[in-house]
Every structure is written in C-alpha cells, then in structure tokens.
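These numbers come from a predicted model, not from an experiment.
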Amino acid sequence: MIVISRTVSLPDDELEITAIRAQGAGGQHVNKTSTAIHLRFDIRASSLPEYYKERLLAASHHLITADGVMIIKAQEYRNQELNREAALARLVAVIKELTAEQKSRRATRPTRASKERRLNSKAQKSSVKALRGKVRRDD
C-alpha cells in the first residue's frame with residue numbers, strides 16, 4: 001500500500017514494477033544484473049479519486065503518456081531495492097505535485113510610496129539619458 005495523503009492511497013497491485021538492466025557505464029556488474037526499475041502506473045484504471053485522475057490526465061508531464069500511463073525509470077542506485085524505493089517516491093512526488101491546489105491570486109494595488117519611487121527613478125533615468133546628448137557650444 002502506497003500512501004499519497006491522509007485520505008488517498010494506492011494498492012500495490014495497481015503498479016507494474018519490472019527489473020531491467022541499467023544503462024550506462026559500470027562494467028561487468030551492470031551487464032549481468034537487473035538493478036534498474038521500470039514502473040508503469042495506469043492512471044485511468046487506478047483507484048485514485050476522480051479529482052486526482054482528472055488533474056493527472058490534464059497535466060502535460062513528460063512522465064505521462066498520451067494513453068494516461070505514467071512511466072518511471074529508476075537506475076540511480078546499484079541496488080534493485082533502493083531503485084524500487086526511488087521509483088515509488090518519485091511516483092508519489094509527481095502525483096502530489098500535479099494534484100496540489102494552486103493558491104488563487106488576490107489582486108493588489110501598488111502603494112503610494114511605491115508609485116513615487118517608480119516615478120522618481122523614471123525621472124532620474126530620463127535626466128541621465130538627456131545628459132548623454134551632444135554638447136552644444138553657445139558662442
């Protein structure tokens with residue numbers, strides 16, 4: 001059972017976890033052991049609440065395919081168990097990130113002091129730029 005929040009959790013049978021051979025350098029060890037983890041999670045077929053499913057499927061995230069399957073590959077460790085934990089942690093982090101409620105922006109107005117500061121800096125810059133012109137001689 002994977003706990004996402006106090007009210008939401010995922011049963012283990014909804015995840016498809018397979019061990020694969022890791023890519024990259026590593027010598028004989030990497031060539032003969034399957035330490036990397038390939039995690040597939042079908043969002044549509046999951047037991048997540050509808051709100052979570054809608055948010056995940058609407059998001060354009062590089063880990064979510066067009067079919068609604070989240071694919072995570074973990075190969076940062078040389079240990080299969082650590083890679084499994086890393087993949088599960090990444091799954092939970094992505095679900096939390098994409099389903100977090102965004103705080104609504106409250107419109108504010110600039111203060112009088114900030115308006116005065118802005119106008120003073122504009123006047124200062126204007127005078128500096130005016131002094132950059134050609135020097136005229138008055139004969």
Phe41 and Leu48: side chain to side chain contact (heavy atoms under 4.5 Å, CB included), yes or no, with the steps? CA-CA 11 Å; Phe41 173 63; Leu48 287 174; 3.8 Å; yes
Are Arg90 and Glu76 within salt-bridge range, i.e. N to O under 4.0 Å?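 Salt bridge: yes.
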Pro49 and Val8, any side-chain heavy atoms less than 4.5 Å apart: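 They are in contact (side-chain heavy atoms under 4.5 Å apart), so the answer is yes.
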Do Asn83 side-chain atoms and Ile37 backbone N/O form a donor-acceptor pair below 3.5 Å?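 Answer holds: no.
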Using side-chain heavy atoms (C-beta onward) and a distance below 4.5 Å, is Gln124 in contact with Val128?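 Yes. Closest side-chain heavy atoms under 4.5 Å.
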Do side-chain atoms of Asp42 reach the backbone of Val69 as a donor and acceptor pair under 3.5 angstrom?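 Flag not set: sc Asp42 to bb Val69 has no pair under 3.5 Å.
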Please check if the number of heavy atoms outside Tyr52 that lie under 6.0 Å from its OH is greater than 12.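 Yes.
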Tell me if a side-chain donor or acceptor on Lys73 pairs with a main-chain N or O of Ala22 at a distance below 3.5 Å.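 A pair under 3.5 Å: no.
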Glu16 and Leu39, any side-chain heavy atoms less than 4.5 Å apart: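 Result no, sub-4.5 Å side-chain heavy-atom pair not found.
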Under a 3.5 Å distance rule, please check whether Gln75 uses its side chain to pair with a backbone N or O of Gln23 as donor and acceptor.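 The answer is yes, because a donor-acceptor pair under 3.5 Å joins these two groups.
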Output yes when a side-chain donor or acceptor of Arg44 lies under 3.5 Å from a complementary backbone atom of Leu57, and no otherwise.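 Flag not set: sc Arg44 to bb Leu57 has no pair under 3.5 Å.
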At their closest point, which heavy atom of Ile64 faces which heavy atom of Leu56, and how far apart are they?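 Taking Ile64 first and Leu56 second, the nearest heavy atoms are CD1-O, 3.4 Å.
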Going by side-chain contact (heavy atoms from CB on, under 4.5 Å), Ile95 matches just one of Leu98, Val92, Leu91. Which one?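 When side-chain contact (heavy atoms from CB on, under 4.5 Å) is applied between Ile95 and each of Leu98, Val92, Leu91, only Leu91 qualifies.
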Looking just at side-chain N and O atoms, do Glu14 and Ser47 make a donor-acceptor pair shorter than 3.5 Å?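 Distance-only check passes for Glu14 and Ser47.
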Contact check, side chains of Thr99 and Arg55, non-hydrogen atoms, under 4.5 Å: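 Result yes, sub-4.5 Å side-chain heavy-atom pair found.
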Do His61 and Val94 touch side chain to side chain, with heavy atoms closer than 4.5 Å?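 Yes; the side chains approach each other to less than 4.5 Å.
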Shortest non-hydrogen contact from Ser121 to Arg118?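 Taking every non-hydrogen atom into account, OG-O, 2.9 Å.
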Same apolar cluster (I L V M F W Y, side chains within < 4.5 Å links), Ile20/Leu88: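 No, separate clusters.
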Output the distance between atom OG (Ser104) and atom CZ (Arg106), rounded to the nearest 0.5 Å.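 One gets 7.5 Å once the value is rounded to the nearest 0.5 Å.
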Of all heavy-atom pairs between Met1 and Ser9, which one has the smallest distance, and what is that distance?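 Closest heavy-atom pair between Met1 and Ser9: SD-OG, 3.3 Å.
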Minimum heavy-atom distance Gln80-Ser34, with the two atoms named: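 The pair with the smallest heavy-atom distance is NE2-O, 2.6 Å.
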Test item: Leu10 and Ile4 side chains (from C-beta on) under 4.5 Å apart, heavy atoms: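 Yes, at least one pair of side-chain atoms sits under 4.5 Å.
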One pair to check against side chain to side chain contact (heavy atoms under 4.5 Å, CB included): Thr35 and Arg78. What are the steps and the verdict? CA-CA 6 Å; Thr35 55; Arg78 290 183 59 163; 5.6 Å; no
Any side-chain heavy-atom pair from Thr65 and Ile71 closer than 4.5 angstrom?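 When only atoms from C-beta onward are counted, Ile71 and Thr65 do touch, with a gap below 4.5 Å.
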Separation of Ser46 OG from Lys53 NZ (nearest 0.5 Å):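 Reported value, rounded in 0.5 Å steps: 4.5 Å.
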One pair to check against side chain to side chain contact (heavy atoms under 4.5 Å, CB included): Arg40 and Leu15. What are the steps and the verdict? CA-CA 6 Å; Arg40 295 176 62 86; Leu15 304 174; over 6 Å; no
Arg84 and Ile17, any side-chain heavy atoms less than 4.5 Å apart: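 Counting from C-beta outward, Ile17 and Arg84 do come under 4.5 Å.
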